[in-house]
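Here is the structure we will look at, set down as structure tokens.
Convention: sequence-line order gives letters A, B, ...; per-chain numbering from 1.
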Amino acid sequence: MLPPPAPYFFPWEIRPGSQREGASVRTFGRLTSYFPEESKAVLSSQHASSQHQVQVQTGFVEPFNPIVGAQYIVLGELTSAEGGGVAVRARVFNCVDGVDVDLLQKAIRDQRSFFQETRNEPDVNCATTAV
Amino acid sequence: MEADPVASDDESPSLLWGLDPVFSAFARLYIKDILEMRESCQVPGIYIFNSHPIFQVDVLGIVVFRREREDFFSYGVDDGTGVINCLCWKNDKWRDQDEPVKWDRTVGASGAFNVEEHVRKLQQAQRCRSTLEIGDLIRVRGSVKTFRGNREIMSSFYYKVNDPVMEVQISWMMELPKLYQKCYLKPFKLPSVTTESSSTDGSGACFPSLLGQASQTLKDFLKEKEVKRFRSYDVEHLLHPLIPQLSSKLEGEQASAAGPSVPTQLRQLLTETLQLLQQEGTIFRKIISPDQLYNVTEQDKDLHMLIRDIIREDSKLEKYAEKGCHVLHIQSSARQRYSQNLSREVLDVALKFLECNSDIISTTDYHYTVL
């Protein structure tokens, strides 16, 4: 009845093969484009001098007021997209423009390292962070 | 989820839970931990997280599931580690919110402060804060319950959090690891004093305090020797063995500090002990005089005979024929005929002693008679 929990992922960790399809994720990014007729949006973010894009399927959260250029938080399930990529099928799509992205990233990293230290949880993202 | 015998080792006795500050607080736990923590094997409805007893929690998360019932909302809350169901009761005030708010238009139009209008606005704001949609941020405080095998939070307090730039969420994420390290991950250790006293309690009727030891020593002596009356200097030597123990303890802590001398300590202890025994009714002074003579209540044959006589004679009176004599009547008679200084406690001790010997019979809590 209740959906599975959606842990935070960095946008550059949302890649084909990194997570199984259907996994619940939560990530962030700047809305760069929105195609209402296809219910598709693209979030992009900067990491280590390269641009990362996350495709979002917005069918479940429409109608919403898209603000291109604003920061968004997306929570949903991974699904395969056209061209072999992955997309997030959004359950929650919130505009959080004005968010301190650096602080958010620090908070995510702190939480992860806390879980690794205290409960010896395997780092689910070690493969991706090593890249 | 069920208590297993191995895990119960880290569960402290429920009597001592109140000493753990986490117990009475709303614990800010990750939802994953709330879902996984073990239920106590002593008290159902209390959960054990890392030896801390917990029943109230405080969570912040995004609403990912929502169901409305007649008198409550059921929200699924996701904090990134787990999803838990939160039962959020509707406020009673909502029921009558459709009632037309009657207010005087003339006053409202004149621009004066209108209480009803403000109350209506306040109710609207309150309602808007407690009706959430999927994607809203919610803060819930409440008690953890297990309903049909599923953990849930029965909210005592909840509201929609306005967090447009994620300030609240980020500070929550950064605060929780610190709280865990400072508090929840540190096992609950009992203060050493309580563990000591509980261990002595287990070994027998041993008093933790010096005063308790002293009064027990005196009582034992009086009983053993069947002492009828004594003066304070007669029993002073009995308490002497207790004093060196005290002074050696003091030496360890404050060797240089000049504490009171042993005779002074002894006199003080004796005075306090005699006072305690008088308060309990074990001993009493028949006459207050400079000569400190104490009578032992259980050995005072004159007092016993007098009480028996009072009860026997007065039970014949019509007033006391049915139930026997009331304690207060016995006390006032005994005061007149024996000692003005007779306290209620002394009388109770004497009456109990007489009843144990079957000399008198209690008919109610306060009435005594003889056969």
Side-chain angles (χ1 to χ4, degrees), chain A residues 1-10 23-30 56 58 60-65 67 70-77 89-121 124-125, chain B residues 29-36 49-50 59 61-67 74-86 132-138 147-153 161-182 184-186:
Chain A
M1 193 171 65
L2 290 176
Y8 274 104
F9 284 87
F10 292 114
S24 299
V25 297
R26 188 186 305 218
T27 191
F28 56 89
R30 193 172 291 281
V56 180
T58 54
F60 292 165
V61 293
E62 280 167 358
F64 71 103
N65 179 27
I67 305 168
Q71 286 285 346
Y72 273 79
I73 281 282
V74 62
L75 185 154
E77 277 66 43
R89 191 188 297 274
R91 282 189 274 135
V92 173
F93 197 54
N94 284 346
C95 175
V96 290
D97 202 29
V99 63
D100 186 339
V101 180
D102 291 339
L103 199 64
L104 176 63
Q105 293 188 17
K106 184 182 182 308
I108 296 171
R109 273 193 294 268
D110 282 0
Q111 199 175 38
R112 278 187 187 171
S113 61
F114 171 72
F115 280 127
Q116 279 161 29
E117 279 165 25
T118 56
R119 18 205 116 174
N120 304 317
E121 275 187 7
V124 285
N125 308 296
Chain B
L29 295 175
Y30 288 112
I31 289 174
K32 183 181 196 299
D33 292 329
I34 298 174
L35 293 169
E36 288 174 358
F49 177 73
N50 196 35
V59 298
I62 289 181
V63 175
V64 292
F65 174 84
R66 157 183 206 279
R67 196 175 50 180
S74 177
Y75 294 122
V77 179
D78 183 348
D79 73 342
T81 66
V83 184
I84 195 164
N85 214 12
C86 298
L132 288 92
E133 297 299 327
I134 286 179
D136 287 341
L137 188 67
I138 190 174
F147 180 68
R148 292 186 183 158
N150 293 317
R151 282 281 152 86
E152 58 186 25
I153 299 174
V161 182
N162 237 341
D163 194 20
V165 295
M166 295 189 73
E167 249 177 326
V168 183
Q169 286 175 82
I170 292 173
S171 70
W172 189 276
M173 281 169 79
M174 298 183 87
E175 193 182 3
L176 243 54
K178 287 176 192 154
L179 260 177
Y180 265 73
Q181 263 149 7
K182 272 189 188 158
Y184 308 133
L185 287 181
K186 282 191 179 160

(message) For the CZ atom of A:Phe115 and the NZ atom of B:Lys32, what is their distance to the nearest 0.5 Å?
(response)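 Going from the CZ atom of A:Phe115 to the NZ atom of B:Lys32 covers 7.0 Å.
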(request) Measure the OH-CG distance between A:Tyr8 and B:Asp79 for me, rounded to the nearest 0.5 Å. (result)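 Output value for this atom pair is 9.5 Å.
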Segment of [X] engaging chain A (4.5 angstrom heavy-atom cut-off):
{"X": "B:Pro177", "value": "both"}
{"X": "B:Ile31", "value": "neither"}
{"X": "B:Gln169", "value": "side chain"}

(message) Can you give me the closest heavy-atom contact between A:Arg91 and B:Ile134, atom names plus distance?
(response)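 Smallest heavy-atom distance, with atoms named: O-CG2, 4.0 Å.
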(request) Specify the closest pair of heavy atoms between B:Ile170 and A:Val99, including all atoms of both residues, with the distance to one decimal. (result)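 Smallest interatomic distance, heavy atoms only, reads CD1-CG2, 4.1 Å.
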(request) Quick one: sort the A:Phe114 and B:Tyr180 rings into parallel, tilted or perpendicular, breaks at 30° and 60°. (result)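 Plane angle over 60°, so perpendicular.
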(message) Going by side-chain contact (heavy atoms from CB on, under 4.5 Å), A:Leu2 matches just one of B:Asp78, B:Val77, B:Asn85, B:Val64. Which one?
(response)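 Answer to the side-chain contact (heavy atoms from CB on, under 4.5 Å) test with A:Leu2 among B:Asp78, B:Val77, B:Asn85, B:Val64: B:Asn85.
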(message) Given heavy-atom pairs under 4.5 angstrom as the criterion, report whether the side chain, backbone, both or neither of A:Asn94 touches chain B.
(response)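 A:Asn94 touches chain B through side-chain heavy atoms alone.
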(request) Below 4.5 Å from any heavy atom of chain B, which atoms of A:Ile108 appear? Answer side chain, backbone, both or neither. (result)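 Both the backbone and the side chain of A:Ile108 come within 4.5 Å of chain B.
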(request) Could you pull out all residues at least two apart from B:Val168 that satisfy side chain to side chain contact (heavy atoms under 4.5 Å, CB included)? (result)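 Residues passing side chain to side chain contact (heavy atoms under 4.5 Å, CB included) with B:Val168: B:Leu60, B:Val161, B:Asp163.
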(request) Check side chain to side chain donor-acceptor pair (under 3.5 Å) between A:Glu62 and all other residues, then give those that pass, not counting sequence neighbours. (result)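 Result, side chain to side chain donor-acceptor pair (under 3.5 Å) vs A:Glu62: A:Tyr34, A:Ser39, A:Thr58.
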(message) Counting heavy-atom pairs closer than 4.5 Å to chain B, which one of A:Pro5, A:Ser24, A:Gly98, A:Pro3 comes out on top?
(response)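 Maximum pair count with chain B is reached by A:Pro5.
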(request) Between chain B and each of A:Ile73, A:Asp100, A:Asp110, A:Val92, count heavy-atom pairs under 4.5 Å; write down the option with the most. (result)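 Top count of heavy-atom pairs under 4.5 Å with chain B: A:Val92.
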(request) Decide if atom CD of B:Glu167 counts as having more than 12 heavy atoms of other residues, nucleotides or ligands within a radius under 6.0 Å. (result)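 Count not over threshold, so no.
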(request) Flag the pair B:Ile62 / A:Arg26 as yes when at least one side-chain heavy-atom distance between them is below 4.5 Å, and no otherwise. (result)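 Yes, their side chains come closer than 4.5 Å.
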(message) Quick one, B:Met166 with A:Leu103, criterion side-chain contact (heavy atoms from CB on, under 4.5 Å). Give me CA distance, side-chain angles, the key distance, then yes/no.
(response) CA-CA 10 Å; B:Met166 295 189 73; A:Leu103 199 64; over 6 Å; no
